[in-house]
Amino acid sequence: MNTSLFDLTGRTAVVTGASRGLGQYFARALASAGANLVITSRNKSRLEGFEQELVPYGCEVFPVELDVRDPLSITAMAEKAIDRFGRLDILVNNAGCNIRKPSEEVTWEDWNTVLDTNLRGPFFVAQAVAKSMIREGYGRIINIGSVTSVFGYAGIAPYCASRGGIRQMTMSLADDWGRHGITVNCLAPGWFRTRQTEALYENPRWVEYIEDRIPLHRPGEPRDLDGALVFLASESSRYMTGQCVLIDGGISTGATKATV
Ligand SMILES: NC(=O)c1ccc[n+]([C@@H]2O[C@H](COP(=O)([O-])OP(=O)(O)OC[C@H]3O[C@@H](n4cnc5c(N)ncnc54)[C@H](OP(=O)(O)O)[C@@H]3O)[C@@H](O)[C@H]2O)c1
């Protein structure tokens with residue numbers, strides 16, 4: 001295989017929500033393929049340790065504060081990143097949150113927190129970053145979805161609505177911006193142990209249930225998403241847009257529960 005198809009040398013990637021969890025997996029994968037990185041958190045001090053960890057990859061790393069619920073913060077992040085690198089080639093729209101509650105207990109504020117963070121925010125981050133991509137006639141936007149982009153689960157209705165929405169939004173943006181050389185795809189992970197899912201993993205009954213239910217018989221591990229992410233970020237995926245790629249050990253082949 002021609003490895004240059006996956007080479008990201010000279011490209012600059014923005015990874016939102018890189019202070020922990022999947023955002024850090026994605027940033028490491030892009031750095032190891034050669035990309036320079038803009039990494040974000042609502043609190044820049046949370047990025048310090050990770051910025052140091054990325055030094056051995058030899059890429060340039062630019063930590064920037066970003067709250068995806070604040071339009072001014074989104075504009076400022078994109079402007080700072082473009083000032084620093086001149087252009088932005090790749091966006092991993094990863095920042096997100098979840099609130100686990102039975103639907104009858106979900107409040108107006110819960111709904112707004114999840115939808116503003118997981119759907120409105122990524123739309124306006126994509127819009128801000130796409131300004132540079134449209135100018136350059138090139139871009140790779142990867143919206144992070146979930147198995148809940150294609151299935152609904154009890155106990156996380158606002159989250160499922162946001163993740164279904166991001167899949168639909170991906171198709172619209174792909175149609176809008178394809179003529180500018182920008183591809184837009186949704187990468188939908190299965191179950192990975194991070195702060196967002198920690199409470200579930202503390203329940204041995206749930207762990208047993210989920211391991212049994214996943215056809216590959218284990219939850220996701222940090223490196224499991226690297227190949228798909230670099231593929232979607234690179235030249236290899238140039239004729240693919242508007243798609244949703246599930247990397248979930250096969251759990252989307254059948255129904256499961258998000259809570260026990
Ligand atoms: N873990 C899984 O199994 C799984 C599965 C499928 C999809 N996902 C999706 O993958 C993404 C990452 O999940 P994760 O499990 O890594 O979660 P996590 O460990 O809770 O990390 C969430 C990240 O999002 C950032 N963030 C939260 N609210 C933000 C806001 N208002 N503005 C900007 N950044 C914000 C956080 O940064 P700060 O708090 O530092 O700002 C943090 O870096 C999410 O979109 C999630 O829905 C996760």
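Order of listing sets the numbers, starting from 1, for every ligand and every atom in it. Quick note: numbers below take in every heavy atom, side chains included, and nothing from hydrogens, waters or symmetry partners.
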Pair [X] + [Y], salt bridge at N-O below 4.0 Å:
X: Asp70; Y: Arg42; result: no
X: Glu221; Y: Arg193; result: no
X: Lys44; Y: Glu65; result: no

What are the distances between nitrogen or oxygen atoms of ligand 1 and protein nitrogen or oxygen atoms, counting only those under 3.5 Å?
residue  : atom   : partner : partner atom : Å
ligand 1 : 1 (N)  : Phe192  : O            : 3.1
ligand 1 : 1 (N)  : Thr194  : OG1          : 3.2
ligand 1 : 3 (O)  : Gly190  : O            : 3.4
ligand 1 : 3 (O)  : Phe192  : N            : 2.7
ligand 1 : 3 (O)  : Phe192  : O            : 3.0
ligand 1 : 15 (O) : Thr194  : OG1          : 2.4
ligand 1 : 16 (O) : Leu22   : N            : 2.7
ligand 1 : 17 (O) : Gln196  : NE2          : 3.4
ligand 1 : 19 (O) : Arg20   : NE           : 3.3
ligand 1 : 20 (O) : Arg20   : NE           : 3.3
ligand 1 : 20 (O) : Arg20   : NH2          : 3.3
ligand 1 : 21 (O) : Arg20   : NE           : 3.4
ligand 1 : 24 (O) : Gly96   : N            : 3.4
ligand 1 : 28 (N) : Arg42   : NH2          : 3.4
ligand 1 : 31 (N) : Asp67   : OD1          : 3.0
ligand 1 : 32 (N) : Val68   : N            : 2.9
ligand 1 : 37 (O) : Ser19   : OG           : 3.1
ligand 1 : 39 (O) : Arg20   : NH1          : 3.3
ligand 1 : 39 (O) : Arg42   : NH2          : 2.8
ligand 1 : 39 (O) : Arg46   : NH1          : 3.1
ligand 1 : 40 (O) : Ser19   : OG           : 2.7
ligand 1 : 40 (O) : Ser41   : OG           : 2.7
ligand 1 : 40 (O) : Arg46   : NH1          : 2.8
ligand 1 : 41 (O) : Arg42   : N            : 2.8
ligand 1 : 41 (O) : Arg42   : NE           : 2.8
ligand 1 : 43 (O) : Gly17   : O            : 3.1
ligand 1 : 43 (O) : Ser19   : N            : 3.4
ligand 1 : 43 (O) : Ser19   : OG           : 2.8
ligand 1 : 45 (O) : Asn94   : O            : 2.7
ligand 1 : 45 (O) : Arg163  : NH2          : 2.7
ligand 1 : 47 (O) : Tyr159  : OH           : 2.6
ligand 1 : 47 (O) : Arg163  : NE           : 3.4
ligand 1 : 47 (O) : Arg163  : NH2          : 3.2
ligand 1 : 47 (O) : Gln196  : OE1          : 3.4

- Task: Can you label the angle between the Phe85 ring and the Phe62 ring as parallel, tilted or perpendicular, going by 30° and 60°?
- Result: perpendicular

- Polar contact flag, side-chain donor to acceptor under 3.5 angstrom, Asp67-Ser73: no

- Task: Please report the C-alpha distance between Thr9 and Asp7 in whole Å, then the side-chain angles of each, then the deciding distance to 0.1 Å, and finally whether the side chain to side chain donor-acceptor pair (under 3.5 Å) criterion is met.
- Result: CA-CA 6 Å; Thr9 306; Asp7 184 8; 2.6 Å; yes

